[in-house]
Amino acid sequence: MRLSGRKICKSFGPAQVLFDVSIDLRAGEVHALLGENGAGKSTLVKILSGYHQPTEGELVLDGANVSFADSAVGEAHGVILIHQELNLAEQLTVEENIFLGREIKRGWFLDKVAMRAEAKRLLSQLQCNVDPRARIRDLAVSDRQMVEIAKALSKKADILILDEPTAVLTGREVDILFDQIRRLREQGVAILYISHKLDEIKAIADRVTVLRDGRHIITEPVAELTKDDMARLMVGRDITQMFPDRVSDTSAPIVLSVRDLSLAGQVRDASFDLHKGEVLGFAGIVGAGRTALMEAIIGLREKSSGVIERNGKPVRISSLQDAKDCGIAYLTKDRKGSGLLLNMDMRPNLTLLALEKFGRVILDRKAEEAALERAIAAFDIRAADRKAKVGDFSGGNQQKLLLAKVMETDPDIVIIDEPTRGIDIGTKSQIYHFIGDLTDRGKSVILLSSEMPEMLGLSDRIAVMAAGRITGILEGNDRNEHEIMRHATGISGQEGVSVHERT
Amino acid sequence: QEKIKIGVSIPAATHGWAGGLNYHAAEAEKRIEAAYPNIDVIIATAKGATEQANDLEDLVSVQNIDALVVLPFESDPLTVPVQQVKQAGKFVTVVDRGLSLPGIEDVYVAGNNPELGRVSGEYIKKRLDGKGKIVILRGIPTVVDEERVEGFLKEIEGSDIEVLDMKHANWNRDDGYEVMQDFLSRFPKIDAVWAQDDDITLGVIEAIKQADRTDEMFIVGGAGMKDIIKRVMDGDKLTPIDVLYPPSMIATAMDITVLKFVSNGAVEGRYILGATVVTEENAKNFYFPDSPF
Amino acid sequence: MSGLERSGQNASSRFSIDFKALGPFLALVLLFILGTSINDAFLSSGNLSNIFTRSAFIGIIAVGATFVITAGGIDLSVGSMAAFISGAMIVVMNGLVETLGPGLETVLIGVVLSIVLGIGAGAINGLVSTKGKIEAFIVTLGTMGIYRSLVTYMADGGTLSLDFEIRGTYRPVYYGDLLGIPVPVLVFLAVAVAGYVLLNMTPFGRKCFAIGSNEQVARYSAIHVDRVKTMTYVIQGICVSVATIIYVPRLGSASSSTGVLWELEAIAAVIIGGTMLKGGYGRIWGTVIGAIMLTTIGNILNLTDAISNYLNGAVQGLIIIVAVFLQRGDWRRKKSK
Amino acid sequence: MSGLERSGQNASSRFSIDFKALGPFLALVLLFILGTSINDAFLSSGNLSNIFTRSAFIGIIAVGATFVITAGGIDLSVGSMAAFISGAMIVVMNGLVETLGPGLETVLIGVVLSIVLGIGAGAINGLVSTKGKIEAFIVTLGTMGIYRSLVTYMADGGTLSLDFEIRGTYRPVYYGDLLGIPVPVLVFLAVAVAGYVLLNMTPFGRKCFAIGSNEQVARYSAIHVDRVKTMTYVIQGICVSVATIIYVPRLGSASSSTGVLWELEAIAAVIIGGTMLKGGYGRIWGTVIGAIMLTTIGNILNLTDAISNYLNGAVQGLIIIVAVFLQRGDWRRKKSK
Ligand SMILES: Nc1ncnc2c1ncn2[C@@H]1O[C@H](COP(=O)(O)OP(=O)(O)OP(=O)(O)O)[C@@H](O)[C@H]1O
Ligand SMILES: Nc1ncnc2c1ncn2[C@@H]1O[C@H](COP(=O)(O)OP(=O)(O)OP(=O)(O)O)[C@@H](O)[C@H]1O
Ligand SMILES: [Mg+2]
Ligand SMILES: [Mg+2]
């Protein structure tokens, strides 16, 4: 028995988020922590590692009571936490971040050579080939996560806690991470692993603890529970149907048509059509240019050429405002950097994109409150304190708020980039049904996702991108993992385009 | 033929009197350059002692001047820099504020700050029959201010004139206005105000007017700003006199320096300007409506 | 257990939040108590009216600065801008006396000119910094030098004085009152209310907060970041011209020494009021109280001769630090967090 | 999904980074070309030596300011601090003449005192702002008033002058040279190199970057944020005392007008050099060039009397804006991002 939390309670101001939670972490074991968004998982692990102090309860390390005054003390005892929300200094480089606060020194000076070598070694261990000298702010989110992991690995943990490390990772990166976790487990490290992806839990964990509404529900060996069991324990009810039933209608009119859109260095000659009431998926490996393409369409990036037609008429979209006027809304995948004002509460965040709806001269605070009321209900946002800063929200609730913010503009076309990052399974299903409702009401959705099940379960057609080009648009029975893979890796070559582009 | 270059180093126009200084220097430059085509006058202005020391270096090293006319920002810090100009073999005229070491300058055109204070004190003492309550608005805490106030206090020493309080008004009319407002709230009876400088006087006048206490007191300013001279000339009860401390002294100094190069006579010595009292009678001699000061 | 605990914490946290919003106000009250204890004349209606009237200039400028700072910018040029606009007003009004006479028209034209110049100067600051992508600190440091030079040049190094007849017409704008309240105070109040409404109740104000708190998020929320930022500088410019409009009739003159260091005072008023220098959070009422506090400190120092004149600055500095410390209200809480 | 990785894109970004680092240097070269074209004497060794010697004061202070600003702070008190330290040095050295004579010991004691005072003053700024949780802007605005008052008080409103005999001993520190390089330039270089090493090659510097970039992350990385921030102010204080040590022998005096507005110049030098005002990114070499640029602009204005003195400030402001615009190098890129 390495580290235990005994009867942990935690309150933030008036709101209590943990009630008498106990958990045991054992050497050489992967312990999974499950729970809905806002169940208190991140709070619990922050307490275990010294970032928060419990309001009540105690920590026991190797049989002795301990208290971690701050995270430094926790780390000194070998407890390392990889945060759910990335915790990197954006203006510093990869290697600077990895060694931040515990730089390798030679005499009084930084040993940059040693740090670079070590950073390279750590990154290559994770098969991540970002340049150690790159600045964090220039990296894709998944790379940032890999840097976070590299940083944690470099700390020689006895007890390693990973808070949703895979939310932003691709399948390949997840595999690499799991290899590392298994290696550490063999070395006797105690591992606590948080994820909403039940497949992953099944694959990696030995035991699982479920939290619901801040209370301990169950701790069992993983083998004893099915995925359905886990989902039910988390949510407190059965999830009967993950995806909505949808009938696609390819003869519906085209609402958006993109022709030969290029974006210097990132996208070349992208063309596709979007039908009314359709979900068009965009698949591809990280960096394929999907986000760049979408941001060019909605006027956030300057396109070098290309035509966009809305309902058959060419439109000029040179700013997000133009896009909004055309009824197009975009949900960013970077909720912290581009999505939400973390130092503000929910209300200004919710209405920011659709501000004119709440008054052109004077903002109608009542209407804003009413909108917030509606959004909280519709998207099931669980905030302990309505006046709390959004930055203090659980990751999943941030994501829901972001979705609500985008939907405030009441768009006809919604471009959704990674909508279920860090969302629990119950809410995920809610969001999927929500997308289904949208299309039922005649709205169209473009879905960018790295999660294969949601891509396949929701999309009517799937466009695949590789290296800045659309290499194919898959329909009907071609919508399968194998075909997507084939096009995403570019194996299909150009003929893929001619074969599948039939619209 | 090489032109003779005369460098003029003065404080920048950051308050009224310095503004007048700049104006007179610029006017003298035009006049001198028109009269003597072989003379080039170069004016450099500085916002502080350090900057003025820089200017002196530049006048010597890049402009290669033949003579320097300098009104030191402050005496002490500029003593050594001016000495270096002298050691580079230049003719040096010092204006207004004397240097801390004797024998550096060839010509000294001196204003007389203690005298300004003394004359002002003398007038107030006489007007009040040696008895009354006054307030003083000081300038920026510097040697100039210190000398004036000392001269003033020494003069009224032994009389029954009570200085209610002194505050710095920084030779600034807004500060003068506000400090005077507060004096007026504080002291129910004030017989006279020594404002020491005409920028301050302007603010004081408005404050007294606003409080409706114009008949109670009078103000003695200093420097010779045209607005105040005009008031004296018009017989304004509030400003019966003004004590001159003319910024035109820079022009005098420049003229004397030019003489060194255009005449054969020996040019050296000290030229002390008095602190002339401007009264209703003689005011028109000191009123220049076209001057900016 | 949960019930008990919840209610307890509730009370304390609510108290400290209230305290924070009240902070500047409490600090001001303490200052007033200090003032009264030093000199009875402090609470005289004349002195209070002086304090409020004086704080109007800096206060009005500081209301503009609240917008700029909330949106993450800074404007160092306001003092010079005020001097330049005053100078231009005086020159133009003096010039108009001959043709239009010293009547209301002349003054009105002067006022309109002031507003136009304020908008123009603000727009320059805003456009150069946003379009040129130059730090606002540098741009406004540059324009600070430029505007000050221009007024020095216009005044030929000396003073620009307003024609005496126009002064008569214009005088009530500073010295007049309405129901006993001095006009500058009324203008200050009007500007503060307008500023409050604009910052807290309109889409524009919301956008200022958003930009100051995270520009990227603002951009992804369809906000024209450059446009809004430029607008904050224009608002700052307008506030400077309003301040100038009530400043000119006070002494009827402008020179190169007009408005020196007002930028520092305005920014100080804003920060004392609780607005964050890094942007993202602004408080107009705090700014108003900050401006009054600064003026009050100066006033108190003039009401006593207990302190050597040379030490005025030290006392002022000390009081500012202590006042801000008290108004933070954080000293009541434990460090934690 | 596996396979393919991104590539490309790197090349272009690397180029623009190089350009950005060279920016301030290019701007300085342009200034030098401007100077030469105005007056041949500009490139004379005497003039160049003057420029570099002068920039030493502001440059040394600005090196300290680079630390403060990189770590997300600001220090407005440096000018007053310099005046205060100069004053204290002069008083003490003058006092020691009687007992120790005007020799090296006296000067050394003055120098040690200067360093002690610099450390103390910096520590006060740092501790009050971090422990008191008061915005650095307010704290240093307050201490700015305090230090300035103290020197005014010490000088009794006038000037403190260094004993003329001591000046003889002390003189070489400003006017001397080593292998033809003026001592102040050597000191400046030494401070810059030390600053560079400290900021870029030690854990301490790394921590400054981290704190300026994101305090929360820094705290989570077990960095003692308050301690490091306080240290940056102490470093600033030490830099001020080093600048003072070479300043005192130049003019041999201190008064209430010593060092006025140096804080603005120092901050400007830092920002011109490419350090970000919001913190998180600092560049010592940029600061050095920024300081030289500011001095050069002043020098160039003295090279010609084509421009009315009244407009000096305008030209200066314009050149600063243009120089920063050119050095940004962003004008080459498209808007995007
Ligand atoms: N610093 C804080 N201040 C106030 N409330 C907080 C703070 N941190 C967390 N909370 C609240 O505590 C609750 C639990 O949050 P926590 O982040 O632990 O959830 P989680 O289980 O990790 O959820 P998710 O799966 O969405 O990440 C949420 O209601 C959140 O709003
Ligand atoms: N702000 C930016 N500036 C420059 N290049 C960028 C920027 N953002 C992304 N890129 C680059 O553009 C390319 C396309 O990136 P993009 O984010 O569009 O990929 P993606 O396929 O959408 O990735 P994901 O699967 O993570 O959504 C990548 O090479 C990426 O590194
Ligand atoms: Mg979480
Ligand atoms: Mg000439």
Side-chain angles (χ1 to χ4, degrees), chain B residues 5 7-14 19 22-23 25-26 29 33 40-64 73-81 84 88 97 100-101 138-147 149-150 166 168 292, chain D residues 35 38-51 53-54 57-58 79 86 90 148-149 151-153 155-162 164 167 171 174-175 247-262 295 298-305 308-310 312-313:
Chain B
K5 289 186 174 176
V8 179
S9 170
I10 51 177
T14 48
N22 275 261
Y23 170 79
E29 173 182 13
E33 287 179 353
D40 185 8
V41 174
I42 298 151
I43 301 175
T45 61
K47 289 203 209 65
T50 315
E51 213 181 309
Q52 192 168 28
N54 294 347
D55 286 352
L56 295 185
E57 282 176 2
D58 287 347
L59 287 172
V60 173
S61 73
V62 291
Q63 298 287 10
N64 196 19
F73 213 93
E74 286 179 80
S75 307
D76 278 325
L78 284 151
T79 297
V80 173
Q84 289 196 315
R97 297 158 203 178
S100 309
L101 287 178
R138 309 183 54 161
I140 295 170
T142 53
V143 176
V144 173
D145 173 68
E146 201 61 32
E147 286 181 353
V149 173
E150 245 170 56
M166 306 191 264
H168 288 281
Chain D
I38 286 178
N39 192 325
D40 288 342
F42 180 82
L43 278 187
S44 70
S45 72
N47 192 52
L48 289 183
S49 144
N50 280 346
I51 290 182
T53 311
R54 273 177 220 168
F57 300 138
I58 290 301
S86 308
I90 291 173
R148 182 146 317 281
S149 279
V151 69
T152 314
Y153 187 73
D156 241 345
T159 305
L160 291 163
S161 294
L162 187 59
F164 272 88
R167 280 195 213 191
R171 216 183 124 81
Y174 184 80
Y175 292 99
Y247 173 80
V248 169
R250 181 176 190 196
L251 303 183
S253 72
S255 73
S256 65
S257 59
T258 301
V260 168
L261 290 187
W262 281 8
T295 319
N299 179 261
I300 287 179
L301 289 171
N302 279 341
L303 294 178
T304 165
D305 64 351
S308 158
N309 274 313
Y310 301 139
N312 269 0

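Proteins come first, then strands; the chains are lettered A, B, ... in the order of their sequence lines, and each starts at number 1. The analysis underlying the following values was restricted to heavy atoms, covering all of them including side chains, and did not include hydrogens, waters or symmetry mates.
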Can you confirm whether D:Thr258 sits close enough to D:Val151 that some side-chain heavy atom of one is under 4.5 Å from a side-chain heavy atom of the other? no

If you tally heavy-atom pairs under 4.5 Å against chain B, which of [options] wins?
options                               : value
D:Leu261, D:Asn312, D:Leu303          : D:Leu303
D:Gly157, D:Ala41, D:Gly158, D:Ala155 : D:Gly157
D:Val260, D:Asn299, D:Thr53           : D:Asn299
D:Phe57, D:Phe164, D:Phe42            : D:Phe164

Any chance you could lay out the side-chain contact (heavy atoms from CB on, under 4.5 Å) test for B:Gln63 and B:Asp40, step after step, and finish with the verdict? CA-CA 11 Å; B:Gln63 298 287 10; B:Asp40 185 8; over 6 Å; no

At a 4.5 Å cut-off on heavy atoms, which part of [X] comes close to chain B: side chain, backbone, both, or neither?
X        : result
D:Asn302 : both
D:Thr152 : side chain
D:Asn39  : side chain
D:Arg171 : side chain

Which value, rounded to the nearest 0.5 Å, describes the distance between [X] atom [atom1] and [Y] atom [atom2]?
X        : Y        : atom1 : atom2 : value
D:Arg167 : D:Ser161 : CZ    : OG    : 5.5 Å
B:Ser9   : B:Glu57  : OG    : CD    : 11.5 Å
B:Arg97  : B:Glu147 : CZ    : CD    : 9.5 Å

D:Asn50 and B:Ser61 side chains, donor-acceptor separation under 3.5 Å: yes

Selection from B:Val80, B:Val143, B:Asn54, B:Val62 maximising heavy-atom pairs under 4.5 Å formed with chain D: B:Asn54

Using a cut-off of under 4.5 Å on heavy-atom pairs, state which of B:Leu59, B:Asn64, B:Val60, B:Leu101 scores highest against chain D. B:Leu101

Report the residues that fulfil side-chain contact (heavy atoms from CB on, under 4.5 Å) with D:Pro249, sequence neighbours left out, ordered by chain and then residue number. D:Tyr170, D:Val173, D:Tyr174

Quick one: list whatever passes side-chain contact (heavy atoms from CB on, under 4.5 Å) with B:Pro81, sequence neighbours left out. B:Ala53, B:Leu56, B:Leu78, D:Leu251

Toward chain D, the part of [X] with a non-hydrogen atom under 4.5 Å:
X        : result
B:Gln84  : side chain
B:Glu74  : side chain
B:Asp145 : neither

With no hydrogens and no angle check, is any side-chain donor or acceptor of D:Ser44 less than 3.5 Å from a backbone partner on D:Asp40? no

